[in-house]
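One structure is given below, encoded as C-alpha cells.
Along the sequence shown, the residues carry numbers beginning at 1.
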Amino acid sequence: MYQILIIEDEEGLTEFLELELHYEGYKVDIAHDGRSGLDLAVKHDYDVILLDLMLPGLNGMEVCRRLRNEKETPIIMLTARDSVMDRVMGLDSGADDYVVKPFAIEELLARIRVILRREEKRETKPHLLTFKDLELDIESRVLKRGKELIELTNKEFELLLMFMRNINRVLTREMLLDQVWGYDYAVETNVVDVYVRYLRNKLNAEDKEQYIQTVRGVGYVMRE
C-alpha cells in the first residue's frame with residue numbers, strides 16, 4: 001500500500017484529501033505545520049508528499065529545501081499562489097510538481113499516479129550494467145573490470161553508459177554528441193573520437209580485446 005504524507009494547515013482541505021486518498025487505497029499521515037511535517041518526512045519513507053506552501057512554523061519552500069538534503073521523496077506542492085515565479089521557485093526548491101488551489105481532486109489523483117509510475121520505473125531500472133568482464137555501477141559511478149577499478153571522468157562515464165545501455169546498437173557520432181554533450185554544447189563531432197580513444201586507453205589492457213568497435217563511416221558499437 002502506498003503511503004502519502006499531507007502537510008497542510010487547512011483542516012477542511014486536509015480532511016477532504018484524507019477521505020479521497022483513503023478511498024483510492026492510500027495510507028495517509030497528516031501534519032498541520034511545517035516542523036512536524038518535516039520530522040515525519042525525514043523519519044518515515046513516504047511514496048509521495050503533498051506539501052502546502054503557506055504553513056506555520058516552516059513554510060513549504062523551507063520544508064522542501066531541508067527535506068531535499070535528506071531524501072528524494074517525491075513532493076507535490078499545493079498552493080493558491082499561481083504566478084510563474086511562484087511555480088519556478090517551488091520547483092527550484094525541490095518540488096516534483098505544483099498544483100494550484102482550488103484544484104479538482106481528479107487532477108491531483110492523476111498527478112500522484114504519474115509520480116508513482118515514474119518511481120516504479122526508476123526502481124526497476126537496473127543500477128548495475130555488465131558487458132563481458134566490465135561492470136558499471138550507475139549509482140556510485142564506479143567501473144570495474146574483474147576486481148580492477150577503472151577511474152573515469154564525468155564525460156567518459158556518460159559515454160560508456162550510452163554504449164552499455166545500447167549493446168549491439170551502432171551509435172553515430174551525432175547521437176553520442178547529442179546524448180552526452182547536448183544540443184547546446186558547441187563542439188565538433190570529432191570530440192567523440194577523442195573521448196572514445198580515452199575510453200579505449202582505459203578499458204583495453206594489453207591482453208584484452210577492443211570493447212568499443214568502430215563502424216567505419218558511421219560511429220561506434222559495443223557488440224557481444
Side-chain angles (χ1 to χ4, degrees), residues 1-11 13-18 20-22 24-101 103 105 107-129 135-143 149 151-154 157-158 161:
M1 178 183 293
Y2 292 113
Q3 293 185 298
I4 296 179
L5 173 62
I6 303 172
I7 310 176
E8 168 65 64
D9 63 332
E10 294 182 35
E11 292 190 7
L13 178 57
T14 302
E15 291 175 0
F16 171 70
L17 290 174
E18 183 180 21
E20 291 292 333
L21 291 170
H22 277 157
E24 294 294 322
Y26 299 114
K27 183 178 178 182
V28 179
D29 286 341
I30 295 171
H32 292 291
D33 64 86
R35 291 189 184 278
S36 61
L38 180 60
D39 287 342
L40 284 172
V42 170
K43 290 178 182 176
H44 303 283
D45 292 326
Y46 293 101
D47 295 292
V48 178
I49 295 173
L50 303 181
L51 176 63
D52 185 28
L53 181 60
M54 304 302 293
L55 290 166
L58 289 176
N59 66 41
M61 294 285 189
E62 188 61 25
V63 171
C64 197
R65 289 193 191 98
R66 294 191 187 187
L67 182 59
R68 280 293 171 258
N69 291 329
E70 304 285 338
K71 291 186 172 183
E72 293 299 321
T73 310
I75 296 171
I76 299 177
M77 197 164 278
L78 309 177
T79 177
R81 296 165 63 173
D82 63 350
S83 72
V84 172
M85 185 56 63
D86 287 326
R87 294 176 188 234
V88 170
M89 288 176 62
L91 295 171
D92 282 348
S93 69
D96 296 84
D97 203 350
Y98 193 103
V99 177
V100 177
K101 302 176 183 177
F103 51 81
I105 188 62
E107 179 185 1
L108 178 60
L109 292 172
R111 291 179 184 237
I112 291 172
R113 290 194 294 270
V114 167
I115 284 180
L116 292 175
R117 285 197 300 270
R118 184 196 69 194
E119 293 301 305
E120 285 178 355
K121 288 181 180 179
R122 180 182 297 175
E123 289 174 3
T124 57
K125 195 171 187 177
H127 297 301
L128 201 65
L129 297 178
E135 184 178 276
L136 186 66
D137 190 316
I138 299 173
E139 290 191 335
S140 64
R141 301 174 76 88
V142 169
L143 173 66
L149 288 176
E151 293 187 6
L152 300 175
T153 65
N154 285 337
F157 170 84
E158 292 170 12
L161 182 60

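Nearest heavy atoms, A80 versus V100: O-CG1, 4.3 Å. Annotation for C64 and A95: closest pair SG-N, 3.4 Å, computed over non-hydrogen atoms. Among all heavy-atom pairs drawn from F157 and L136, the shortest one is CE1-CD1, 3.7 Å. Annotation for I75 and L67: closest pair CD1-CD2, 3.8 Å, computed over non-hydrogen atoms. Nearest heavy-atom pair, L40 versus A31, reported as atom, atom and distance to 0.1 Å: CD1-CB, 4.1 Å. For the pair K43 and K71, the tightest heavy-atom approach, listed with the atom from each and the gap, is C-NZ, 4.2 Å.
The OG1 atom of T73 sits 6.5 Å away from atom CG of D45, with the distance rounded to the nearest 0.5 Å. To the nearest 0.5 angstrom, M61 atom CE is 9.5 Å from M54 atom CE. For the atom pair Y98 OH and T79 OG1, the distance stands at 4.5 Å (nearest 0.5 Å). Going from atom CG of L50 over to atom CE of M77 covers 11.5 Å, rounded to the nearest 0.5 Å. Here L108 contributes atom CG and L78 contributes atom CG; the two are 6.0 Å apart, rounded to the nearest 0.5 Å. Taken to the nearest 0.5 Å, the CD1 atom of I30 stands 11.0 Å off from the OG atom of S36.
One N or O on the side chain of D47 and one on the backbone of Q3 form a donor-acceptor pair closer than 3.5 Å. The backbone N or O of E10 sits less than 3.5 Å from a side-chain atom of E8, completing a donor-acceptor pair. At distances below 3.5 Å, not a single donor-acceptor pair connects side-chain atoms of D52 with backbone N or O atoms of L55.
In this structure, the side chain to side chain donor-acceptor pair (under 3.5 Å) partners of R111, at least two apart in sequence or on a different chain, are D97, E107. With sequence neighbours excluded, the residues that form a side chain to side chain donor-acceptor pair (under 3.5 Å) with E139 are H127. In this structure N69 satisfies the side chain to side chain donor-acceptor pair (under 3.5 Å) test with no other residue, sequence neighbours excluded. Residues passing the salt bridge (charged side-chain N to carboxylate O under 4.0 Å, His left out) test with R68 are D96, sequence neighbours excluded. Qualifying side chain to side chain donor-acceptor pair (under 3.5 Å) partners for D39, counting only residues two or more places apart in sequence or in other chains: none. Listed by chain and number, the residues in a salt bridge (charged side-chain N to carboxylate O under 4.0 Å, His left out) with K27 amount to none (sequence neighbours excluded).
Applying the side chain to side chain contact (heavy atoms under 4.5 Å, CB included) test between I6 and each of L17, L13, I49 identifies L17 as the sole match.
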*Kindly determine whether Y26 and I112 satisfy side-chain contact (heavy atoms from CB on, under 4.5 Å), including the steps that lead there.*
CA-CA 11 Å; Y26 299 114; I112 291 172; 3.9 Å; yes
*Go through the steps for L109 and E24 under the test side-chain contact (heavy atoms from CB on, under 4.5 Å), then give the verdict.*
CA-CA 9 Å; L109 292 172; E24 294 294 322; 3.8 Å; yes
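Residues E135 and L128 are in side-chain contact: their nearest non-hydrogen atoms beyond the backbone lie under 4.5 Å apart.
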